[in-house]
Number of protein chains: 2
Amino acid sequence: MFDRSSSVSTIRRKPNQARSQERVNRILDVAEALFVSQGYAATTTNEIAKQAQVPIGSLYQFFSDKKAIVQALTVRYNQLLRERLALFSTAELTKLPLSTYVEQLIDTTTQFFNDYPGYYAIFMEVQGSVPEVQEVEDTADAQLVADLARSLVQRDASKDTVDYEIVTFVLVKAIGSLVWLSLGQEQAFQQRLIVEAKRLALSYLQSYFPSS
Amino acid sequence: MFDRSSSVSTIRRKPNQARSQERVNRILDVAEALFVSQGYAATTTNEIAKQAQVPIGSLYQFFSDKKAIVQALTVRYNQLLRERLALFSTAELTKLPLSTYVEQLIDTTTQFFNDYPGYYAIFMEVQGSVPEVQEVEDTADAQLVADLARSLVQRDASKDTVDYEIVTFVLVKAIGSLVWLSLGQEQAFQQRLIVEAKRLALSYLQSYFPSS
DNA sequence: CTACAATGTGAGCATTGCTCATGATTTGAC
DNA sequence: GTCAAATCATGAGCAATGCTCACATTGTAG
């Protein structure tokens, strides 16, 4: 193919590095597509390898086992979600009324799941049966909880008897499960559920911060 | 409406009837114990059969496949839970203050999960990956939602603009996920979560029924 | 007792996640 | 440039497991 022994002598670049990254991405893309269309359990690692045009042995050099593939996908997705939610930790949005803040937060999350339907399709099945995935998502949730708690403090630091962390923890988990649940519902019911999720979040928050 | 032919199918009226029922129960008991101690995926049907002292072929006469075994366990558990929660649909408890009502409801549920730790151990893993189980639990939740809605109407039927069903739906799902989540936590945090779950439920309900 | 039906049984098949012996490629000292 | 050693790539095949099905056993009727 290429003559790489020619001029530059002391270059130590690994020609495989880039190529390997390429292969890993192909594996992840193929796996994502197959998991969505057939489900995780029904997708064989051999088929992933074949469609990604990677020998099965090589696949197992990059991923220790089948679970590691979904885990990598989980990380990928959560990075995307985190980017979108980063806004809500800035000082800017802290000035909005609580109700607007909650609404936008929930809308942004819902929008994310609409933009990446694979997230729901895959993790609906895998939840619980793959501890590594659970762990990644718990970590992501924990970051969000901490970020939101900081944001809440910024909004109203006067209530020092309030445990901000547990309030945001409860919100992230309870609202998260409602939003998740809504994804599997008919359009109309889904929207109704989102409305109720916002009301649930807001009434809980107002029980702690009765001001505006 | 209801398919109850699932596990106890129409077995001939032979002297074996009783014996067969005995065997089915042994299989379920053994399966429950193994699922709890090793997990669902790690438990082989052959091992269940061996420990239940039933040939593998016979096991597959009673249960169409491995999933059918967890499904049967799910039905079993949900019958027990339903019994405990039946109280809350009676007129008696409707006279209690809303806060007390919510508290007792949540405490009863929590108590149930403490009494049957197998429920959590098994269904934590199986959630989502076995659609039949999901279905059974969704049906159980739907019954609870309907019962609670009726109970709410009884308490305050004046608000005819309120969609009681969706309110109880949101409560069952949101509070349910919090209670479920609390089961995997340290004792102290678990109790704290239950307290917050009650507050969440109550503040949401009070946003609809601002009375007492 | 004989013939037939119903039920019980477990060796073994098909599938699939994963390994590892073998071969190809790269490296670096001379 | 050469060559040995280290590194990486490959896919046939192993082990494990859910499930089947041909055969055995038990029960019934005439």
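Sequence lines set the chain letters: A, B, ... in the order given, protein chains first and strands last, and positions in each chain run from 1.
- Looking at residues two or more places apart in sequence or on another chain, you find a side chain to side chain donor-acceptor pair (under 3.5 Å) between B:R84 and B:D115.
- Considering OG1 of B:T168 and CG of B:L144, their distance stands at 8.0 Å, rounded to 0.5 Å.
- In terms of the salt bridge (Lys or Arg N to Asp or Glu O under 4.0 Å) criterion, residue partners of B:E196 (sequence neighbours excluded) are, by chain and number, B:R192.
- For the pair A:R26 CZ and D:dA9 P, the computed distance is 12 Å after rounding to whole Å.
- Sorted by residue number, the members of residues 51-69 of chain A with any non-hydrogen atom under 4.0 Å from DNA chain D read A:P55, A:I56, A:G57, A:S58, A:Q61.
- Distance NZ (A:K50) to C1' (D:dA12): 14 Å, rounded to an integer number of Å.
- Between the CD atom of B:E22 and the P atom of C:dT7 there is a distance of 19 Å, rounded to whole Å.
- For the contact set between residues 37-46 of chain B and DNA chain D, defined by any heavy atom under 4.0 Å, the members are B:T43, B:T44, B:T45, B:N46.
- With sequence neighbours excluded, the residues forming a side chain to side chain donor-acceptor pair (under 3.5 Å) with B:E47 are B:Q51, listed by chain and number.
- Spacing between atom CD1 of A:I48 and atom P of C:dC18 amounts to 10 Å, rounded to whole angstrom units.
- One finds a side-chain N or O of B:R23 lying less than 4.0 angstrom from the OP1 or OP2 phosphate oxygen of C:dT9.
- Judged as a side chain to side chain contact (heavy atoms under 4.5 Å, CB included), and not counting sequence neighbours, the contacts of A:S151 are A:T94, A:Y101.
- For A:R76, the salt bridge (Lys or Arg N to Asp or Glu O under 4.0 Å) criterion is met by A:D29, A:E32, not counting sequence neighbours.
- Listed by residue number, there are no residues of residues 27-34 of chain A with a heavy-atom contact under 4.0 Å to DNA chain C.
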Acceptor/donor pairs from residues 181-188 of chain A side chains to any protein atom, 3.5 angstrom cut, sequence neighbours excluded:
residue: A:S182; atom: OG; partner: A:V179; partner atom: O; Å: 2.6
residue: A:Q185; atom: NE2; partner: A:L181; partner atom: O; Å: 3.4

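- For B:S129, there are no side chain to side chain donor-acceptor pair (under 3.5 Å) partners at least two apart in sequence or on another chain.
- Residues passing the side chain to side chain donor-acceptor pair (under 3.5 Å) test with A:N78, sequence neighbours excluded: A:Y119.
- Residue pairs meeting the salt bridge (Lys or Arg N to Asp or Glu O under 4.0 Å) criterion with at least one partner in residues 118-137 of chain B, sequence neighbours excluded, are absent.
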